[in-house]
Amino acid sequence: MNKHANKLAGLILAAALGTAALPLGAVHAADDSRALGEGDISQAVRQLSQLHIMQGYEDGSLAVEQPVTRAELAKLLALTFNLQGADQAQQGFTDVNPQAWFSKYAAEVAAQGIMQANDDRFEPRGTVTKTELVQIVTKALMRDAKSVEYWAESLDPGSGPVTRGETAYLLNMAQQAIPSDKAKITSIRSLNAITLIVTFDAPLTADNEAFTKAKEDFAFTGGLTLTNLPRLKTGSIATYIVPTSVQQPGVQYSLTYRGANAGTFTGNADKLNMTEARQVTNDTFELESLQANGVVDYGYVISAYSTGRGADAFVLDENNRANGKTYQIISSGQAREVTITPEGGQPMVAKYVPFTQSTDGRQEPKFRLPEGKTLTPGVTYTVTSDWAQIERPSFVAQSIAPLDIVGAEAMSETSITVTLSEDPGDELFSGRSVELTDAEGHKLTAAYKYSSRKGAVGIFDLAPDSKLVKGTTYSVTPVGEWAGSSRTPLTAN
């Protein structure tokens, strides 16, 4: 790291003049090489100083290259994230004087589980590694670790203790990523025919991200609609992937957010590049796209899903590039439709099967024919779309034998498990229902609980206000032909 404490001293002392003493850290921001930059340090320190989060020693020293202590980090965390309210629940530490300047901050971060305190010892003079700092900031910010790791890439890659400068950099990034219920849109651009990239001046709160609230807040002209909740991109501060209904190429749209004019954008003609269409079941088919071809499902690049995707999750920069490749992003499949036409027949509209966009490590959204319709074996079908360009759009339908229901058990008075003869994958369970009939002919229905499948077993929830009667034996059968004519008994406990 460059030794630039002297160059920063004047700036820091001017910004911190008259404030309480707390060691200062130099700050850096990632440039194209992900290396620390002196200008970035100055800017970040200025921002933290203006917020009275970071201040210099009373004697004017900075010591930006020294390791940050756990005591210093506790105070920086408490001020950055406005932590308060839990310290009374934390017992005193055996190695902390209750009158120490950092005592209440140590108690607060330990009580909230942000910093560990083992055996009633806080170890205030101890240091932290880069890995530990990332974990601590992740907990304090309540953000995905993948994003914080990305912000920390420009820190010293060694295993030694992080400096006060490195700590300041990461906390400055995290402070900008604190959600706000007053967030405003700063830019809008259309990425493809069904996706916008929208940047705010701060991340949205969980309440404002919720779909019901977002539908009220996002108002488009030209009949365009929000089709699912906005999703924060992994590694970004406040940039969102926003799924829309299909945009009309060349049409000028305006967006109003929470009643305020947020800007305009032009409808995008770019369709997503899909590799092929292929049959999955007698009423369901899928569209394949490949990351190797530069197309990625948004589940791999959004903050909310990064933990669940594990090592497959990655970060796209502001130009949607990673590892030298620019990616198309498939936003939410919710409300998506395609047209499927049998050779010599009439076209049908097939609707997206929820939660099948990228499952089991695959990127192949499923679509289902209208209720009661099935694919005719031997007939060639062609799939077309106003949001996807399909390289191989046709397939010859085959006869695919349905899997049988081989078992069912009551989980509670409102939920049951259904077991098939083999693992169907999400594409078969999703959107399916079963009927439960007792000896007197009384019927109940239960619908698959999305994303509940474990192998061949899925959870089905009874319709609202319906309950199993204890001691009653039911015959469980599929609604429709998705599991053929199979049936199995179930006795409510």
Side-chain angles (χ1 to χ4, degrees), residues 30 32 34 134 138 141-154 173-174 176-177 179 183 185-200 202-204 206 209 211 214 226-244 268 270-275 287-334 336 352 354-365 387-388 426 451:
D32 291 341
R34 308 294 291 161
V134 167
T138 297
L141 185 58
M142 293 184 286
R143 179 77 184 260
D144 65 296
K146 181 73 72 174
S147 288
V148 182
E149 289 169 356
Y150 180 70
W151 301 337
E153 282 185 4
S154 53
M173 293 288 291
Q176 297 174 59
I185 292 175
T186 59
S187 69
I188 314 165
R189 64 185 175 94
S190 181
L191 183 63
N192 55 54
I194 57 172
T195 310
L196 298 179
I197 298 295
V198 179
T199 300
F200 291 77
L204 304 177
E209 280 187 8
F211 188 34
L226 192 73
T227 58
N228 209 338
L229 66 166
R231 290 294 196 180
L232 182 61
K233 283 181 65 178
T234 305
S236 74
I237 295 296
T239 296
Y240 286 79
I241 297 171
V242 178
T244 70
N268 202 319
D270 292 344
K271 294 185 177 183
L272 292 158
N273 295 321
M274 313 299 278
T275 307
L287 300 182
E288 176 192 72
S289 63
L290 302 174
Q291 286 191 24
N293 292 347
V295 184
V296 62
D297 168 64
Y298 79 142
Y300 293 100
V301 296
I302 59 175
S303 175
Y305 289 2
S306 68
T307 300
R309 302 295 184 184
D312 292 328
F314 62 101
V315 177
L316 291 176
D317 67 15
E318 62 182 9
N319 296 313
N320 296 319
R321 290 181 61 83
N323 301 317
K325 179 182 291 186
T326 300
Y327 286 85
Q328 286 188 315
I329 299 175
I330 306 176
S331 58
S332 172
Q334 184 70 26
R336 303 294 175 217
Y352 170 68
F355 297 95
T356 63
Q357 185 161 320
S358 183
T359 59
D360 300 335
R362 296 177 295 175
Q363 190 170 282
E364 299 158 334
W387 56 269
D426 283 346
S451 301

Side-chain ion pair, Asp144 and Arg309, N-O less than 4.0 Å:
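Salt bridge between Asp144 and Arg309, a charged N being under 4.0 Å from a carboxylate O: no.
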Taking the side chain from [X] and the backbone from [Y], do they hold a donor-acceptor pair closer than 3.5 Å?
{"X": "Gln328", "Y": "Asn273", "answer": "yes"}
{"X": "Thr234", "Y": "Ser303", "answer": "yes"}
{"X": "Gln334", "Y": "Asn228", "answer": "no"}
{"X": "Asn293", "Y": "Val295", "answer": "no"}
{"X": "Tyr240", "Y": "Leu204", "answer": "yes"}
{"X": "Lys146", "Y": "Tyr305", "answer": "no"}
{"X": "Ser331", "Y": "Val242", "answer": "no"}
{"X": "Tyr352", "Y": "Ser332", "answer": "no"}
{"X": "Asn319", "Y": "Arg321", "answer": "no"}

Nearest 0.5 angstrom please: [X] [atom1] to [Y] [atom2], how far?
{"X": "Ile188", "Y": "Phe200", "atom1": "CD1", "atom2": "CZ", "answer": "8.5 Å"}
{"X": "Tyr150", "Y": "Ser306", "atom1": "OH", "atom2": "OG", "answer": "14.0 Å"}
{"X": "Leu191", "Y": "Tyr298", "atom1": "CG", "atom2": "OH", "answer": "14.0 Å"}
{"X": "Trp151", "Y": "Glu153", "atom1": "CH2", "atom2": "CD", "answer": "12.5 Å"}
{"X": "Asn192", "Y": "Ile197", "atom1": "CG", "atom2": "CD1", "answer": "8.5 Å"}
{"X": "Ile329", "Y": "Ile302", "atom1": "CD1", "atom2": "CD1", "answer": "10.0 Å"}

Less than 4.5 Å apart, any side-chain heavy atom of Val301 and any of Ile241?
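A side-chain contact exists here, since the closest heavy-atom pair is under 4.5 Å.
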Are the side chains of Arg336 and Thr227 in contact, using a 4.5 Å heavy-atom criterion?
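Yes, their side chains come closer than 4.5 Å.
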Residues forming a side chain to side chain contact (heavy atoms under 4.5 Å, CB included) with Ala304, sequence neighbours excluded:
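Expected list: Arg231.
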Do you know which two heavy atoms are closest between [X] and [Y], and how far apart they sit?
{"X": "Leu232", "Y": "Ala238", "answer": "CD1-CA, 3.8 Å"}
{"X": "Lys233", "Y": "Asp317", "answer": "NZ-O, 3.0 Å"}
{"X": "Arg143", "Y": "Ile237", "answer": "NH1-O, 4.0 Å"}

Thr239 and Thr199: side-chain hydrogen bond (donor to acceptor under 3.5 Å, both in side chains), yes or no, with the steps?
CA-CA 4 Å; Thr239 296; Thr199 300; 3.0 Å; yes
Which class fits the ring pair Tyr327 and Phe314: parallel under 30°, tilted 30 to 60°, perpendicular over 60°?
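The rings of Tyr327 and Phe314 sit tilted, inter-plane angle from 30° to 60°.
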Side-chain H-bond candidate by donor/acceptor type, Ser289 with Gln363, under 3.5 Å:
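Yes, because at least one side-chain N or O of Ser289 sits under 3.5 Å from a partner of the opposite role on Gln363.
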I'd like to check the salt bridge (Lys or Arg N to Asp or Glu O under 4.0 Å) partners of Glu209; sequence neighbours left out, ordered by chain and number.
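Residues passing salt bridge (Lys or Arg N to Asp or Glu O under 4.0 Å) with Glu209: none at all.
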